Every structure is written in structure tokens, then in C-alpha cells.
Amino acid sequence: MKKVTVNVNQVGLVVKNNAVVRVLAAGKYWLRFGEKVEIYDMSKAFQTPHDIDVLLRVGGFKDFVEIMEVADNELCIMYVNNNFNKVLPAGRHVYWKGLQNYRFQIEDISTIDISPAVSRQLLEKQTLAYYVRQYKLEPSEKGLLFVDGTLVKILDAGTYYWWKNATTISVSKTDMRVATMEVSGQEILTKDKAQIRVNFSVQYQIHDIVKALLENNDYEKQLYILMQLVLRKYIGQMTLDELMENKAEISRYVIEVTAEDVKALGLVMWNCGVKDIILPGDVRDIMNQVLIAEKRAQANIITRREETASTRSLLNTAKLMEENAMLFKLKEMEYVEKIAEKINNISVSGNGQIVDQLKQLFVK
């Protein structure tokens, strides 16, 4: 006979002939002939060389352990004393009872949807993040969710979580803000065979994300080609002079003609217009010469008009002086004053009759 003591935080397994025959709680016990005891600390992980299925057949053993069975399509979130501890994968998990309070939360991961019972804060933890797929859409973005290649729904901005399993998930996203496209350096031949280069700008926005991403392949490239074709058609039926005079009409024409095609791309066009019309060097020189000639002609017309007005004013002045002798004398004195302003020195010589001579100049 041998006496053993099992402490409060311990469990004893009595083994005889390599088989567990009974379980010992805290206390003092006598072992019979051929028996030995294995002492386990309940504050530590459950580890034993004995088969768990055999131990479960031993009377009273179930009262000392927590057993959690997790299926292949499940995972278990384990809480210890109401705090998250870890994630249990598929299999059988055994823990000692008594010292700590265990709580187990089983989640089905055969589908992609995560139950609201799972806290979002837990999904960010590294131990659980291994089982989770995360996707984030910025405030200006929307996305299309495809599950096994099938469109499921449209996603708004936010962070999304799905279970990681055999299901294939993909998200196609796009920016929903107003965007600008530059159709640059388009070489186009006008009706009068003038080769020009046009820079065109388009402001557009995605209106229907399903049409833009699912029903059309590369909507931006298709919009670019559409603008090219419309510009070539419109400019090709106009002469260079007509194009320069009606440049502002191009945007209105493009918006009206392409409205249905742009809508079919899932887009809406807010504005468009010609930024630059670049002419060949020789044509540009000729147009500059024409412009200079026009401005010179306008300058000549203005000069002639001013000369005519000046002559008419002189004629009116002459008529007034002819009718009024005093006005004539005043005009003479005005010119004498102007002449005197330009004289620095005056030399006077004579026989004392200088005053009389000056008097004769100004007094009749």
C-alpha cells in the first residue's frame, strides 16, 4: 500500500497494467498493489499519453475536462474568463475544468458570410485573421462582388470580411469621382485638305458600375476611341475657316451625338471641348500674314478717319477766323507765343521804332 496526496489544483489518474482505472480529485488516497498515480496540473494544458477515447470511458473523467469537437467546416472561438483566447481549428480539443471559465463559440465557415455574433475587433486579431479574407473600398470607390465567378452584389465604400474557404471571391472596383480624359495629338484632315492636330478634353463619371465593369471591356479605352471617331467625322466635313469660326460648337455636337453610346458604357459625360488646334508651320505662317494684313487695313482705315476729322476741324476753324478778325488776331498771337517759347535770346536793333513795328504786328 502507498499513500498519495492530490492538491486542489491537481487531478490524479490511477494506472494499473498500463490502463487508467480511476480518477482522483483533491485529497489523500491509498494505492493498491500494482497501481501508480499520474498527477496533472489543471492550470496547464491537457497532455497525456493515454488515448482520450479510452479516458472518456473511465468513470468520473468527464467531470474534470471540457471537450470541444470542431467539425471540418467549422472553427471555434475560445474565450477564457470571458476574454478572447484563441481559435480552435477542426478536431477534438480537451481542457481541464475547474480553475478557469471556458466559453466556446462555434462558427460555420463553409459559407463566406460571417455571423454578426463575431465581433469586428476579433476579425483584426492575427490568430483569427488567418481564417478571414478582408477587402477595403475607399470613400470614392464602389465594387462588384463575384462569388465563384457570379456577380452577387454591388459593394459601397467600407471594409468587408469573409471566411476563407474553398469558395472563390473576387472584387472589381472603380473610382466613382468625375474623371478627365485627354484625347491628345489627333491628326485630322479638314474638308479643304488642311492637316491639323487637335487636343480634346472630356470630363466623365461612372453612372452604372455594372455596365462599366461587367458589360464592357476597358470602358476608358472604348470612350477614347469613341471620341476619336466623332472628332474625325465632325472636323472632316468642315473647312479650316469654318472650324476656326465654330470651334465652340464642337463640344455641343460631341455630347449630343455620343449620348447613347456613352450611356451604353455605363458613363455620363459632363463636359468636353477643344483645348488646342495646332496648324502646320506653313499654314500658320500664311494665317499670320493674313492677320497682319487685316490689322494693317484696319489701322489705315482708322488713320484716314482721324485725318478726315482733323481736316474738317481745320476747315471749321478757318471759316470762323474768316468771319471774325479778332479771332484771327488771337490765333496769330497763339502761334507767336509758341514760337517765343522756343527762343532763348532776343537781340533787338533799330532806330527807336521797334515798339511801333511790334505794335503793327498785333494791332490793326
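Note that the numbering runs from 1 along the sequence shown for the chain. Not measured: the values here are computed from a predicted model. Computed over heavy atoms, backbone and side chain alike; hydrogens, waters and symmetry mates excluded.
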Going through the checks in order, is the side chain to side chain contact (heavy atoms under 4.5 Å, CB included) test met by L123 and L128? CA-CA 6 Å; L123 298 176; L128 189 57; 3.9 Å; yes
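- M269 pairs in a side-chain contact (heavy atoms from CB on, under 4.5 Å) with only one of the listed residues (V202, L226, D261), which is V202.
- In terms of modelled atom types and a separation under 3.5 Å, the side chain of Q186 and the main chain of S184 share a donor-acceptor contact.
- V58 and V14 end up in different hydrophobic clusters when Ile, Leu, Val, Met, Phe, Trp and Tyr side chains are linked at under 4.5 Å.
- Remark: the backbone N or O of Q10 is not paired with any side-chain donor or acceptor of D41 at under 3.5 angstrom.
- Contact check on R57 versus D51 returns no salt bridge, with no Lys/Arg side-chain nitrogen under 4.0 Å from an Asp/Glu carboxylate oxygen.
- When all heavy atoms are compared, the tightest approach of T127 to V87 is O-CG2, 4.0 Å.
- A 4.5 Å side-chain heavy-atom check between M78 and Y95 finds at least one atom pair inside the cut-off.
- More than 12 heavy atoms of other shown residues, nucleotides or ligands fall within 6.0 angstrom of atom CD in E256.
- Counting heavy atoms from C-beta outward, Y219 and T174 have side chains that approach closer than 4.5 Å.
- Going from atom CD of E107 over to atom CG of N73 covers 12.0 Å, rounded to the nearest 0.5 Å.
- Using a 4.5 Å cut-off on side-chain heavy atoms (C-beta onward), Y204 and V178 make no contact.
- Of all the heavy atoms in I106 and M68, the pair that sits closest is CD1-SD, 3.8 Å.
- The OH atom of Y224 lies 11.5 Å from the CG atom of L229; values are rounded to the nearest 0.5 Å.
- For the residue pair N85 / R103, no side-chain donor-acceptor distance below 3.5 Å is found, with atom types taken as modelled.
- Taking all atoms of both residues into account, the shortest heavy-atom contact from V152 to V147 is CG2-CG2, 3.4 Å.
- The aromatic rings of F46 and Y40 lie parallel to each other, with less than 30° between the two planes, well short of the 60° mark.
- A heavy-atom distance below 4.5 Å is found between the side chains of V23 and L13.
- Counting heavy atoms of neighbouring residues, nucleotides and ligands inside a 6.0 Å radius, atom NE2 of H50 exceeds 12 of them.
- Here the side chain of R232 pairs a donor or acceptor atom with the backbone of E187 at under 3.5 angstrom.
- Taking 4.5 Å as the limit, some side-chain heavy atom of F104 sits within range of a side-chain heavy atom of E66.
- Note on V257 and I235: same hydrophobic cluster, where clusters join Ile, Leu, Val, Met, Phe, Trp and Tyr whose side-chain heavy atoms are under 4.5 Å apart, directly or indirectly.
- Shown here for K173 and K136, the closest heavy-atom pair between the two residues is NZ-O, 4.5 Å.
- A cation-pi arrangement is found for K164 relative to Y130, the charged atom lying closer than 6.0 Å to the ring centre and inside a 45° cone about the ring normal.
- T111 and D113 are not linked by any side-chain donor-acceptor pair at a separation below 3.5 angstrom, with hydrogens and angles left out of the test.
- Closest of all the heavy-atom pairs between G12 and V37 is CA-CG2, 4.1 Å.
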Is there a salt bridge (charged side-chain N to carboxylate O under 4.0 Å, His left out) between E260 and K263? Walk through the geometry before answering. CA-CA 5 Å; E260 293 299 323; K263 185 178 179 180; 5.4 Å; no
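- No side-chain heavy atom of Y160 sits less than 4.5 Å from a side-chain heavy atom of I114.
- Within a 6.0 Å sphere centred on CG of N18, other residues, nucleotides and ligands contribute 12 heavy atoms or fewer.
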Assess the residue pair L122 and K125 against the criterion (side chain to side chain contact (heavy atoms under 4.5 Å, CB included)); give the C-alpha distance rounded to whole Å, side-chain angles, the decisive distance to 0.1 Å, and a yes or no. CA-CA 5 Å; L122 294 182; K125 293 185 178 296; 3.7 Å; yes
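- Scanning all heavy atoms of the two residues, the minimum distance from E35 to R32 falls at OE1-N, 2.9 Å.
- The structure places CG of L243 at 4.0 Å from CD1 of I277, a figure rounded to the nearest 0.5 Å.
- In the hydrophobic clustering of this structure, L151 groups with M176; members are Ile, Leu, Val, Met, Phe, Trp, Tyr whose side-chain heavy atoms approach within less than 4.5 Å, directly or through other members.
- How far CG of N7 is from CD1 of I39: 8.0 Å, rounded to the nearest 0.5 Å.
- In this structure a side-chain-to-backbone donor-acceptor pair under 3.5 Å is present from N165 to T167.
- D156 is listed as a side-chain neighbour of K142, based on a closest heavy-atom distance under 4.5 Å.
- The distance from atom OG1 of T180 to atom CD of Q203, rounded to the nearest 0.5 Å, is 4.5 Å.
- If you take OH on Y102 and NE2 on H93, they are separated by 13.5 Å, rounding to the nearest 0.5 Å.
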CA sep, side-chain torsions, deciding dist, call: V118, Q105, side chain to side chain contact (heavy atoms under 4.5 Å, CB included): CA-CA 9 Å; V118 181; Q105 181 178 331; 3.7 Å; yes
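- Taking 4.0 Å as the cut-off between side-chain N and carboxylate O, E182 and K275 count as a salt-bridged pair.
- Tracing side-chain contacts under 4.5 Å through hydrophobic residues (I, L, V, M, F, W, Y), one reaches L137 starting from L145; they form part of the same cluster.
- Under the 4.5 Å side-chain heavy-atom criterion for ILVMFWY residues, a single connected hydrophobic cluster contains both M238 and I250.
- Evaluation of the salt bridge (Lys or Arg N to Asp or Glu O under 4.0 Å) test over residues 198-226, restricted to residues two or more places apart or in two chains, returns none.
- Side-chain atoms of F64 and K97, non-hydrogen and from C-beta on, never get closer than 4.5 Å to each other.
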For side chain to side chain contact (heavy atoms under 4.5 Å, CB included), just list the numbers for R133 and I112, CA-CA rounded to whole Å, side-chain angles, deciding distance to a tenth of an Å, and then say yes or no. CA-CA 9 Å; R133 285 178 278 204; I112 64 171; 4.0 Å; yes
